Amino acid sequence: MYKSPRGTADILPGEQGYFRFIEERAALLCQLYGYERIDTPVFEDARLFIRTIGPGTDIVEKETYTFDDRSGQAMTLRPEGTAPICRAYIEHGMHNLPQPMRLYYFASIFRYERPQKGRYRQHQQFGVEAIGDGDPALDAEVIDVACQFFDSLGIGNLSLQLNSIGCKLCRPAYLEELKGHYSAHVDRLCSDCKARLRKNPLRLMDCKKPYCQDIAQSAPRSIEHLCPQCKEHFESVVNYLLILGIPFEKNHRLVRGLDYYTKTVFEIQPQGEEGAQSAVGGGGRYDDLIEELGGKPTPAIGFAVGIERIVLNMKQQGVIPPAPSAQMVFVAYLGDEAKAEAVKLTAELRRGGIAVVSNLGDRSLKAQLRQANTLGVAYALIIGEEEVDSRTVMLRDMAKGEQRKVSMDEVVGLLERS
RNA sequence: GUGGGCGUGGCCUAGUGGUUAAGGCGCCAGGUUGUGGCCCUGGAGAUCGAGGGUUCAAAUCCCUCCGCUCACCCCA
């Protein structure tokens with residue numbers, strides 16, 4: 001028996017309601033904020049991701065799906081959404097369009113990870129990128145989109161964590177300080193943190209081991225080591241969030257796993273679920289990324305949310321997506337002549353914009369109505385010998401349990417109006 | 001990649017060495033002649049995750065693999 005590959009899942013019809021609901025709300029919101037949809041390929045030149053996410057990060061070190069195509073080019077299945085959009089921004093000269101470029105996307109993301117709750121090898125992300133402006137008000141706008149998004153879905157109990165990790169001018173000095181602080185305790189750090197100290201000092205901050213947490217707690221904080229520009233930027237973002245009435249928590253231990261982030265970083269997580277892979281969304285500024293990819297220096301900010309994790313949260317919080325109200329009609333028949341009429345009528349109804357399924361095969365009327373019932377249709381149309389002879393059809397209201405004969409010629413019009 | 005728990009029809013579960021693997025939900029059909037939802041009856045559907053081993057005998061014990069799940073790493 002074949003199964004879906006590890007860490008992947010089929011989204012069955014019964015689950016689709018959640019996904020469609022989320023997509024609809026997101027699209028509506030983006031339109032409201034002036035963000036336009038963009039779609040990029042599922043795979044890209046492998047170097048694009050190594051370059052941007054960072055060669056030392058886990059994502060590129062052990063989580064990418066990379067393969068050589070038939071011409072020997074190394075390709076990588078998109079492990080995140082931002083880099084491809086930056087590539088597209090540069091490739092299509094979007095800097096010539098009014099700035100900032102406000103874009104959003106829905107994309108499948110691929111990471112070769114050990115699957116667990118809320119973490120899959122293929123998952124869906126909704127993300128927003130605002131490219132071409134460094135104004136802290138844009139940071140606040142993007143964060144506002146994220147918050148409004150969750151709001152419009154009816155998901156509550158989320159907290160917005162906010163931090164600034166500085167820029168290429170002030171971060172190196174900060175990292176030195178951080179390393180200095182940790183060096184004094186290096187022998188007692190967990191093995192992971194020892195590695196982090198060398199490879200990715202920022203990540204030291206969110207270790208979950210008790211001892212390492214103590215060290216992190218007393219470690220120098222990035223917000224206290226920002227250069228004047230970054231400091232002002234951060235304060236300004238905070239100020240705009242206050243103006244917008246968006247509640248947030250400053251979290252000096254919030255760092256992000258991708259190398260390209262600068263200044264503002266943020267994460268949205270369910271209240272009281274520290275640890276675990278509970279974050280439903282996150283993002284930040286990446287002011288150097290476009291330049292790094294060969295474009296002009298271009299500031300930008302964005303975020304992404306994990307759709308599957310949102311669905312998980314919706315279920316936990318009992319948020320049910322509104323059911324599509326499409327009324328369905330079932331066509332039942334008895335006998336070969338009636339079947340021919342049924343096939344014809346079914347087509348006419350569909351041409352008339354009425355959703356309809358017809359019986360198939362040769363079954364008792366009882367069986368046919370039983371199916372109509374389980375399908376939850378509003379009306380059943382019954383055609384038997386009598387109806388064929390009199391050019392009529394029995395129109396049965398399933399909820400009321402009442403039925404009447406109507407002329408074959410007027411049934412389409414009748415249903416169109418109901 | 002590391003560690004823990006688990007794997008019985010489509011779904012949920014009983015069965016923890018011994019005749020044809022049990023039940024619930026769902027599905028299909030019947031309860032007379034062309035009518036649903038309740039009820040009753042019947043039916044289909046499981047090589048008990050896969051492979052190997054122990055035993056007269058294994059869903060039940062052992063090993064390996066695969067998968068699911070939780071935690072770590074990391075991330076949405």
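No experiment lies behind these values; they were computed from the predicted model shown. In what follows, chains carry the letters A, B, and so on, assigned in the order in which the sequence lines appear, proteins first and then strands, with residues in each chain numbered from 1.
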Would you mind telling me which residue lines up with the more 5' stretch of RNA chain B, A:Tyr112 or A:Ala399, judged by nearest nucleotide?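 Nearest nucleotide further toward 5': that of A:Tyr112.
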Take A:Ser364 and A:Val280, find for each the nucleotide of RNA chain B with the closest heavy atom, and name the residue whose nucleotide sits nearer the 5' end. A:Ser364
A:Arg196 side-chain proximity, nearest of B:C74, B:A71, B:G34: B:C74
So which nucleotide from B:G31, B:C74, B:A76 ends up closest to the side chain of A:Lys366? B:G31
Any ion pair linking A:Arg417 and A:Glu410 (charged N to carboxylate O, less than 4.0 Å)? no
What is the nucleic acid contact for [X], judged by heavy atoms within less than 4.0 Å: base, sugar-phosphate only, or nothing?
| X | value |
| --- | --- |
| A:Gly401 | base |
| A:Ala367 | sugar-phosphate |
| A:Arg114 | base |

Could you check which residues of residues 4-19 of chain A get a heavy atom under 4.0 Å from RNA chain B? Sort them by number, please. A:Arg6, A:Gly7
Using a 4.0 Å cut-off on heavy atoms, which residues in residues 373-398 of chain A reach RNA chain B? List them by number, or say none. A:Asn373, A:Thr374, A:Ile382, A:Glu386, A:Glu387, A:Met394, A:Arg396, A:Met398
For RNA chain B, the dot-bracket notation using Watson-Crick and G-U wobble pairs below 3.5 Å, [ ] for pseudoknot-type crossings and | for other-strand pairs, is ((((((((.[[[[.)..(...]]]].(((((.......))))).....[[[[[..)....]]]]])))))))....
Within this structure, what is the CD-to-C1' distance between A:Gln116 and B:G67, rounded to whole angstrom?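 Those two atoms, CD and C1', are 16 Å apart.
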